[in-house]
Protein chains: 2
Amino acid sequence: MAGASTKSRAAGSANAVTADLVAVLVAVTEGEPKIMTIANDGALPSGPFEFAHRSLQTGLRAWVEAQTGHPLGYVEQLYTFADRGRAGDAKSPHSISISYLGLTREDKVGQGFEAHWSGWYEYFPWEDRRAGLPASLAKTLASRLRAWAKSAETTGLQRQRWQRAAITFGLDDREWNEELVLQRYELLYEAGLIPEAVRDGAAATTVIPGRPMTGDHRRILATGIARLRAKIKYRPVVFELMPAEFTLLQLQRSVEALAGRLVHKQNFRRLIEQQQLVEETGAIAADTVGRPAKLFRFRHGVLAERAIAGTKLPLSRT
Amino acid sequence: MAGASTKSRAAGSANAVTADLVAVLVAVTEGEPKIMTIANDGALPSGPFEFAHRSLQTGLRAWVEAQTGHPLGYVEQLYTFADRGRAGDAKSPHSISISYLGLTREDKVGQGFEAHWSGWYEYFPWEDRRAGLPASLAKTLASRLRAWAKSAETTGLQRQRWQRAAITFGLDDREWNEELVLQRYELLYEAGLIPEAVRDGAAATTVIPGRPMTGDHRRILATGIARLRAKIKYRPVVFELMPAEFTLLQLQRSVEALAGRLVHKQNFRRLIEQQQLVEETGAIAADTVGRPAKLFRFRHGVLAERAIAGTKLPLSRT
DNA sequence: GTGGCTTATACTTATCCTGAGCATAATCGA
DNA sequence: TCGATTATGCTCAGGATAAGTATAAGCCAC
């Protein structure tokens, strides 16, 4: 890729950096969202982008297979982070992390790897609102956030902080917005309420429940969850996480697991069916309590038929 | 950022890469979307990520100001590309491009720079459907695409190609989807119908109108346009491109310029007003034909009041 | 100043989408 | 057979949307 300015070329290897490829690999099993972790569940699969890699994605696939034994299916790029907090340190070169979201199923678990499937709500307990928040966590969160807001210098800043906390966490009778995963993580980091913040130099305080990860990995995971929660609403990506055949309730449970909240059953079915995303297989689910459900499969045809995109503009049809 | 696996660290500088920062800097002037270009309008502002840069964004800001004299305001990351087509060449290290979308206004044009504002439809003539497509372009496009489809080996492949072309370009009575900017560009590239493809080794054919750029820059621009077209529908980002005060028609013209298609006037107004995105300034537009319009300003308060996000799931309120 | 041109803005109508609840069906086990 | 459990069909009100009609308020030529 030719750099546009002549200056770019002149820079040469003096400005070399190292690039890490990081994967948020997601599966949903029995209504619980899982992510692939390594290093005692404290890190995401990752490795450096090397000469030999033909592209970023092939490099990522190589690392994930090597570390987890799990082949990558659906993959999309998430975000590129640079290391932060090492500003003046000109000795060690910059390191950047290029992160990806991968969707798959939790079968074919590779043997002989130190990789595991971990529930993603272990890392973000406050993101699971399906059964409402545990009263204890809700209380802790609210009081810690309020303390953080109060600790600001001026009353103006105090109000700003509290407003931000209230919006992202749905306090003061505001609606909970499940997509703000990253914003909530960033706020907790700034407020020094999670271990990573303390590790990076924040004043040591009592910390909120939720398992930490190395480096930026929990931030990357938050980015992945946010992306996925947004995307299931306008692209049929849930099906990447489903088995070939499934009941509508299983599908609903998967969506709820990802979104972290419950949906209205009948309306969910209407939505799915009117969009013609699925078709009956003819078979019936066995081994269930209650009335047996029809089995469905994803209609792969829809991907070819229409390019699904949401219009929110009053486009004129002329 | 600690690499997760021990392997990552061991790699060291042998796997060093160079990272370029590339900016798609957008403004809208008199109903025409513009982008900042350098190098005789054949490239986007860009430069390498260096030691001295404290973060990716500060590096980008430094380069853009140095090359264009224009300060960056609103910025968001677009995508990270690796150079492609240089697989085996282990001599020159990998080079990756981290691209950003920036939104501003076309005032304060820096003097003494080789930078210009260029209309973005010069680079993508087929993306402007506000006045319908010029009949000539429509014809050329359709026939070239059909020829490309026909040139496939098997009839199965031929049908696949045509279906893809028809979906992305809204042929065969399908709806035009203005968000598929990147998909259309990629298809034209694969079909060898644009200069960049020929440059990169495609068989030389007659090429479609539309000005090329160096390297991947037109692909990056396509990514930026697509992102912006999608985003104006669910986030109030248009206002970054508007002057402090504006009439509703000016706002509408800006949206239409970005989307490349017309919207229904009355419904557009209702949409804007019901969302309480703007408020009257009390002043009236001067210097106009027809009945003078009220001037409005963006209500910055909305950003604080609500976290605007689209729900497309039948969430239950219990 | 009047008629015609242009744009702004208010109002109407039919249709569709959405959230929510009610009712019934099918299966199992006590 | 009853009760528990899940599946599935149906209704209904309210709101959002697409599209069109009508009126208001300026300017300009004459």
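The figures that follow rest on heavy atoms only: side chains count, while hydrogens, waters and symmetry mates do not.
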Output the rounded distance in Å from [atom1] ([X]) to [atom2] ([N]).
| X | N | atom1 | atom2 | answer |
| --- | --- | --- | --- | --- |
| A:Glu280 | D:dG9 | CD | C1' | 13 Å |
| A:Glu273 | D:dC10 | CD | P | 11 Å |
| A:Ile284 | C:dA25 | CD1 | C1' | 13 Å |
| A:His264 | D:dC12 | NE2 | C1' | 13 Å |
| A:Leu295 | D:dT6 | CG | C1' | 14 Å |

Starting at the 5' end of DNA chain D and moving along, which residue's nearest nucleotide shows up first, A:Phe296 or A:Arg270?
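With A:Phe296 and A:Arg270 compared, the 5'-side residue is A:Phe296.
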
Side chain B:Gln266 and base D:dT21 donor-acceptor under 3.5 Å
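Indeed there is one.
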
Cationic tip of B:Arg184 within the cone over B:Trp176's six-membered ring, i.e. under 6.0 Å and within 45° of the normal?
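That pair qualifies as a cation-pi contact.
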
Do A:Arg174's NZ or CZ and the ring of A:Trp162 fall within the cation-pi criteria of under 6.0 Å and 45°?
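Geometry flag: not set, cation outside 6.0 Å or 45°.
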
Does any pair with a residue in residues 133-145 of chain B pass side-chain hydrogen bond (donor to acceptor under 3.5 Å, both in side chains), and if so which ones, sequence neighbours excluded?
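Output for this query is empty, none listed.
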
Sequence neighbours excluded - side-chain hydrogen bond (donor to acceptor under 3.5 Å, both in side chains) pairs with any residue from residues 246-256 of chain B:
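Non-adjacent pairs meeting side-chain hydrogen bond (donor to acceptor under 3.5 Å, both in side chains): B:Gln252-B:Glu256, B:Arg253-B:Glu256.
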
Reading nucleotides 23-30 of chain D 5' to 3', which nucleotides get B (base under 4.0 Å from a protein heavy atom), which S (sugar-phosphate only), which -?
-BBB----

What's the closest nucleotide to the B:Asn267 side chain, out of D:dA18, C:dA8, C:dG19?
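Nearest listed nucleotide: D:dA18.
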
Taking OP1 and OP2 of C:dT9, is either one under 4.0 Å from a side-chain nitrogen or oxygen of B:Lys265?
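Answer no for this pair, as no side-chain N or O of B:Lys265 is under 4.0 Å from OP1 or OP2.
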
Give the table of side-chain donor-acceptor pairs shorter than 3.5 Å for residues 290-298 of chain B, with sequence neighbours excluded, one pair per line with atom names and distance.
unit_1, atom_1, unit_2, atom_2, d
B:Lys294, NZ, B:Glu280, OE2, 3.3
B:Arg297, NH1, B:Glu279, OE2, 3.1

Could you tell me which non-hydrogen atom of A:Trp117 sits nearest to which non-hydrogen atom of A:Val26, and how far apart they are?
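In terms of heavy atoms, the two residues are closest at CZ3-C, 4.1 Å.
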
One thing to verify: whether B:Glu178 and B:Lys233 come together as a salt bridge, which I'm taking to mean a side-chain N less than 4.0 angstrom from a carboxylate O.
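Yes, B:Lys233 and B:Glu178 are salt-bridged.
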
Mind checking what makes ring pair (Phe, Tyr, Trp, His ring centres under 6.0 Å) contact with B:Tyr79, not counting sequence neighbours?
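Ring pair (Phe, Tyr, Trp, His ring centres under 6.0 Å) list for B:Tyr79, sorted by chain: B:Phe81.
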
How about CD on A:Gln274, more than 12 heavy atoms from neighbouring residues, nucleotides or ligands closer than 6.0 Å, or not?
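Counting other residues, nucleotides and ligands, CD of A:Gln274 exceeds 12 neighbours.
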
Which parts of residues 246-255 of chain B get close to DNA chain C, meaning a heavy atom less than 4.0 angstrom away?
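Of all residues in residues 246-255 of chain B, the ones placing a heavy atom under 4.0 Å from DNA chain C are B:Leu249.
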
